[in-house]
Amino acid sequence: MSPDAQHSEDRVAQPLRSDAERNRGRILAAARRVFARDGLGASMASVAREAGVGIATIFRHFPTKEGLVAAVFADRMDAYADAVVVALEDPDPWHGFTVYIETACAMQAADQGFADVLTTNFPTAKAMEERRNEAIAGMVRLIDRAKATGRLREDFDTSDLVLLHMANAGVVSACGDSAPDAWRRVVALFIQSLEGPARGPLPASPDHDALHKAMRRTGPAGLTTPEPDTTS
């Protein structure tokens with residue numbers, strides 16, 4: 001290929017790359033708005049309409065919905081994991097523990113999509129699941145520190161945090177704009193019920209594998225399977 005021909009191809013390729021980058025940015029911005037408003041149950045088609053692009057363009061950038069979800073919520077999952085680190089730095093373990101719960105639940109209340117993310121597993125989104133696992137490891141330390149002070153009841157474990165996120169997600173979804181702060185009362189009731197000494201025993205915690213399965217089952221359908229090709 002002659003130098004002139006190569007230069008011509010480069011000039012054509014650059015706008016194409018720029019267009020692709022702009023489209024990806026539009027898709028991510030639109031997905032953030034749609035998922036925050038409607039949760040992860042929102043369709044890829046609704047994201048395409050919000051972004052002003054064709055559905056085929058969506059799938060060129062994100063072949064699965066799970067891939068789009070992972071890209072949209074990467075920064076929020078980082079913030080969620082960082083909240084655990086901040087809580088662990090609190091010199092008062094009980095205060096750090098309660099502030100962490102309030103912070104995480106506030107993140108759910110601010111974004112219906114993230115409320116779903118915290119109660120759903122994403123097996124193919126490795127980076128997101130790694131950050132979640134980092135947060136869980138920090139939660140274990142957070143719980144142990146709070147228990148050591150005697151302020152947190154001894155029978156509390158990490159599965160109870162998952163159940164709280166599930167309950168909070170349900171409240172956020174059910175109340176919506178009609179009672180947007182209802183979640184605060186639920187969280188306050190939950191925190192007050194955790195203070196030791198416990199007034200009585202709790203039922204057994206759900207089995208870890210069963211809870212993991214529940215998180216997969218409660219997640220919106222179609223996260224990993226590409227939607228039908230609409231270009232033909």
Q. Just how far is it from atom OG of S43 to atom NZ of K65, taken to the nearest 0.5 Å?
A.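 Rounded to the nearest 0.5 Å, the OG-NZ separation comes out at 7.0 Å.
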Q) To the nearest 0.5 Å, what is the distance between CG (L211) and CG (L163)? A)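 Atom-to-atom, L211:CG and L163:CG are 6.0 Å apart.
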Q. Please walk me through it: do T149 and F97 pass side chain to side chain contact (heavy atoms under 4.5 Å, CB included)?
A. CA-CA 11 Å; T149 68; F97 174 77; over 6 Å; no
What are the two closest heavy atoms between [X] and [Y], and how far apart are they?
X    : Y    : answer
M77  : F114 : N-CE1, 3.9 Å
Q112 : R37  : CB-O, 4.3 Å
D111 : A36  : OD1-CA, 3.2 Å
M107 : A79  : CE-CB, 3.9 Å
A214 : M166 : CB-CE, 4.4 Å
S159 : P206 : OG-CD, 3.9 Å

For [Y], does its backbone N or O pair with a side-chain atom of [X] as donor and acceptor, under 3.5 Å?
X    : Y    : answer
K213 : H208 : no
Q108 : V172 : no
K147 : E154 : yes
D116 : L40  : yes
T103 : V99  : yes
D90  : P93  : no

Q: Verify side chain to side chain contact (heavy atoms under 4.5 Å, CB included) between L68 and F59, making sure each step is shown before the conclusion.
A: CA-CA 9 Å; L68 176 59; F59 284 106; over 6 Å; no
Q) Mind checking what makes ring pair (Phe, Tyr, Trp, His ring centres under 6.0 Å) contact with W183, not counting sequence neighbours? A)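 Not a single residue meets the ring pair (Phe, Tyr, Trp, His ring centres under 6.0 Å) criterion with W183.
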Minimum side-chain heavy-atom gap [X]-[Y] below 4.5 Å:
X    : Y    : answer
T119 : N168 : no
S46  : D38  : no
R76  : V117 : no
R184 : E102 : no
L202 : F156 : no
D75  : Y80  : no
R131 : D82  : yes
F35  : V47  : yes

In plain terms, say whether [X] and [Y] are close enough for a salt bridge, that is, a side-chain N and a carboxylate O under 4.0 Å apart.
X    : Y    : result
D92  : R145 : no
E195 : R151 : yes
D144 : R141 : no
E129 : K126 : no
R24  : E21  : no

Q: Report the C-alpha distance between R26 and E50 in whole Å, list the side-chain angles of each, state the deciding distance to 0.1 Å, and finish with yes or no for side chain to side chain contact (heavy atoms under 4.5 Å, CB included).
A: CA-CA 9 Å; R26 290 169 64 186; E50 181 79 13; over 6 Å; no
Q | Result of checking T158, D157, D155 against S205 for side chain to side chain donor-acceptor pair (under 3.5 Å) | A |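 Single side chain to side chain donor-acceptor pair (under 3.5 Å) partner of S205 among T158, D157, D155: D157.
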Q. Checking side chain to side chain contact (heavy atoms under 4.5 Å, CB included) for the pair F73/D78: CA distance, chi angles, key distance, verdict?
A. CA-CA 9 Å; F73 292 104; D78 284 342; over 6 Å; no
Q | Polar side chain donor-acceptor pair, T57 to N23, under 3.5 angstrom | A |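 No.
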**Q.** side-chain contact (heavy atoms from CB on, under 4.5 Å) against A87, all qualifying residues, sequence neighbours excluded
**A.**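 Here the qualifying residues are Y100, L142.
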